[in-house]
Amino acid sequence: MLDLRFIRENPDLVRQAIQWKREKADVDRLLELDGERRALVAEAERLKHERNVVSEEIARKKKQGLDPQGDILRMREVADRIKSLDARLQEIEAQMQEILTWIPNIPHPSVPIGKDERDNVEVRRWGEIPEMDFEPKPHWELAEKLGLVDFARASKISGSFFVSFRGMGARLERALINFMIDLHVRKHGYTEIWPPALVRRETMFGTGQLPKLEEDMYRVEQDDLFLIPTAEVPVTNLHRDEILDGADLPLKYVAYTPCFRREAGSYGRETRGLVRIHQFDKVELVKFVEPSTSYDELESLVRDAEEVLQLLRLPYRVVKLCTGELSFAAAMCYDLEVWAPGVKKYLEVSSCSNFEDFQARRANIRYRPRDGGKAQFVHTLNGSGLALPRTVIAILENYQTDEGSVVVPEVLRDYVGVDVLR
RNA sequence: GGAGGGCUAGCCUAAUCGGUAAGGCAGCGGUCUUGAAAACCGCGGGGCGAAAGCCCGUGGGGGUUCGAGUCCCUCGCCCUCCGCCA
């Protein structure tokens, strides 16, 4: 959510951001309502002042044994006026709120302007694409043959685009989760969190998933709870409606959770195997930081996520998203894309974003600066570190041998228990 | 699922039959000091305003009333007990 005052002072920039992100929000209508609201507030406040003064007068008269009946009758009318003004104000504010919640965050000035992934900017590459003297197989063939994944039975019990890991496949999944969390906790100084996977509506609103993405999420109707699409949601909302101590910042959290996405309307190509599934595992990094440090913190967040790929020795590239690819709440975002030789493309395994104070304002997360002073909104950031299924894809496809076995990356061997999946 | 008790500012705690939120601690600024502590003074939730000042704010929302921390309804959360349960 943007600050209303900021919108008032920078309407053109806000309109531009709406256009860049292909959102629909009527800024002119918002400003018009804002003007109307301010006039009504002035009138209502004048009447409330009168009511306060006379009410005290009534109390005084009663104490002195005088008859306040005339004042009471007069105030009855004032009270009616106030009530109707407040009702009108409430209506206007609800309309403003509705518009406001649909206004996206403003992209950082350094974000390349563009409309789709072709306009993203590659920042750097890491690692060598492995040379194979045989035709690399796609991961679903390898996984099926090695008995790591059971697509058919998962579909039977839950429908298409669900998977069931089995045997060493399940073991690999668990190994990756532990490896990633251990890295971020022990080496990068994150605190491990295990949050709920079902959250309230307000929680989804706090990080910006609602109202925009309601159709993309699973909802438990009976209790109006949502299955989280990412750990970002519960973990960022941990500090909702709090004032953090500036001396404690930055707060750095890492959380493993399953993630649930309906992926409504995104069926099509590139959805075979493990590329896009309704339930997947992810290790997520979340930071709460002082505003002046947030872009440095974004860089270190990206490096923390990259290190997972480097230790796994998987070739990847870092891409800076253009304005049209930025999510609703993000001001800047880097994607990490790992090379998958079987499907012959780069796959997104991490999105690392700085939301500046957009989420903090929505979720009311503030901090008290070290030198005292007023509480201010923190900046929030998050990034995958990493999403599991595509990391599994990359491991299977990059580490495959000509006989169809898969070598286990060295850093995972203690976690997996074997050197080769065969 | 049922019964009861609670929720006041960063934290802690008051407010008689309904009369317009009293204090304390922490924090920040100042006086004093070589520096610090102590002591004393001030600030100390949000909005509008150049300021004076005004409005709002007792978990959220609504109602009754001239006037609500206080009465009523509703939702959330915490605690105690009963029931059920991996």
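Here is how names work: the chains are called A, B, and so on, in the same order as the sequence lines, proteins then strands, and each is numbered from 1. These figures come from a predicted structure and were not determined experimentally.
- Residue contacts shown for Arg5(A) are limited to sugar-phosphate atoms, with no base heavy atom under 4.0 Å away.
- If you find the closest nucleotide of RNA chain B to Arg76(A) and to Pro369(A), the one lying nearer the 5' end belongs to Pro369(A).
- For the pair Met75(A) and Val53(A), nearest-nucleotide mapping onto RNA chain B gives the more 5' position to Val53(A).
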Next on the checklist: Please evaluate residues Lys48(A) and Asp86(A) with respect to the criterion salt bridge (charged side-chain N to carboxylate O under 4.0 Å, His left out), reporting the C-alpha separation (whole Å), side-chain torsions for both, the decisive distance (0.1 Å), and the verdict.
Outcome noted: CA-CA 11 Å; Lys48(A) 283 174 183 174; Asp86(A) 277 348; 3.4 Å; yes

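- For C77(B), the OP1/OP2 oxygens have no side-chain nitrogen or oxygen of Arg240(A) closer than 4.0 Å.
- Distances shorter than 4.0 Å separate none of the side-chain N or O atoms of His49(A) from OP1 or OP2 on C54(B).
- Between the CD atom of Glu242(A) and the C1' atom of C11(B) there is a distance of 14 Å, rounded to whole Å.
- Straight-line distance between the P atoms of G60(B) and G76(B): roughly 15 Å, to the nearest whole Å.
- Residue contacts shown for Lys83(A) are limited to sugar-phosphate atoms, with no base heavy atom under 4.0 Å away.
- Minimum atom distance to the side chain of Lys48(A) is reached by C56(B), of the listed C66(B), G61(B), C56(B).
- When both pairing distances are held under 3.5 Å, A68(B) makes no Watson-Crick or G-U pair with any nucleotide shown.
- Between Asn52(A) and C55(B) there is a side-chain N or O to OP1 or OP2 distance below 4.0 Å.
- Inspection of the Arg362(A) and Thr207(A) side chains reveals no N or O donor paired with an N or O acceptor under 3.5 Å.
- Nucleotide A39(B) forms a Watson-Crick or G-U wobble pair with U31(B), both donor-acceptor distances falling under 3.5 Å.
- Separating the CG atom of Leu198(A) from the C1' atom of G76(B) is a distance of 17 Å, rounded to the nearest angstrom.
- When rounded to the nearest whole Å, the span between CE of Met96(A) and P of G47(B) equals 15 Å.
- Residue Arg51(A) places none of its side-chain N or O atoms closer than 4.0 Å to OP1 or OP2 of C66(B).
- Residue Ile58(A) is classed as a base contact, given a heavy-atom separation below 4.0 Å to a base.
- Between A3(B) and G44(B), the two P atoms lie 45 Å apart (nearest whole Å).
- Of the P atoms belonging to G24(B) and U13(B), the separation is 16 Å, rounded to the nearest Å.
- With hydrogens and angles left out, the side-chain atoms of Tyr334(A) and Glu299(A) include a donor and acceptor closer than 3.5 Å.
- Side-chain contact, His379(A) with Glu297(A): no donor N or O sits under 3.5 Å from an acceptor N or O.
- Between Phe377(A) atom CZ and G46(B) atom C1' the separation is 11 Å, expressed in whole Å.
- Between Lys62(A) atom NZ and U65(B) atom P there is a gap of 14 Å when expressed in whole angstrom units.
- Side chains of Thr101(A) and Glu98(A): no donor on one and acceptor on the other come within 3.5 Å.
- No contact: Lys63(A) has no heavy atom under 4.0 Å from any strand.
- Rounded to a whole angstrom, the distance from the P atom of A68(B) to that of C55(B) is 13 Å.
- Considering only the side chain of Ala79(A), G67(B) comes nearest among G67(B), G10(B), C55(B).
- Between C73(B) and U65(B), the distance separating the two C1' atoms is 16 Å to the nearest Å.
- Rounded to an integer number of Å, the gap from Ile243(A) CD1 to G44(B) P is 15 Å.
- No donor-acceptor contact under 3.5 angstrom links the side chains of Tyr256(A) and Asn178(A), judged on distance only.
- Comparing the same atom, P, in C54(B) and in A21(B) gives a spacing of 12 Å after rounding to whole Å.
- Between A50(B) and A39(B), the two C1' atoms lie 37 Å apart (nearest whole Å).
- Salt bridge absent: Glu23(A) and Lys21(A) never bring a charged side-chain N and a carboxylate O closer than 4.0 Å.
- Comparing the P positions of A15(B) and C84(B) gives an interatomic distance of 41 Å, to the nearest angstrom.
- For Asp248(A) and G10(B), the CG to P distance is 16 Å, given to the nearest whole Å.
- Between Leu89(A) atom CG and C48(B) atom C1' there is a gap of 13 Å when expressed in whole angstrom units.
- Candidate nucleotides G67(B), G10(B), C55(B) were compared by shortest atom distance to the side chain of Ser55(A), and G67(B) ranks first.
- Residue Arg200(A) is in sugar-phosphate contact alone, with no base atom involved, counting any heavy-atom pair closer than 4.0 Å across all strands shown.
- The pairing partner recorded for A3(B) is U80(B), the criterion being a Watson-Crick or G-U wobble arrangement whose two distances lie under 3.5 angstrom.
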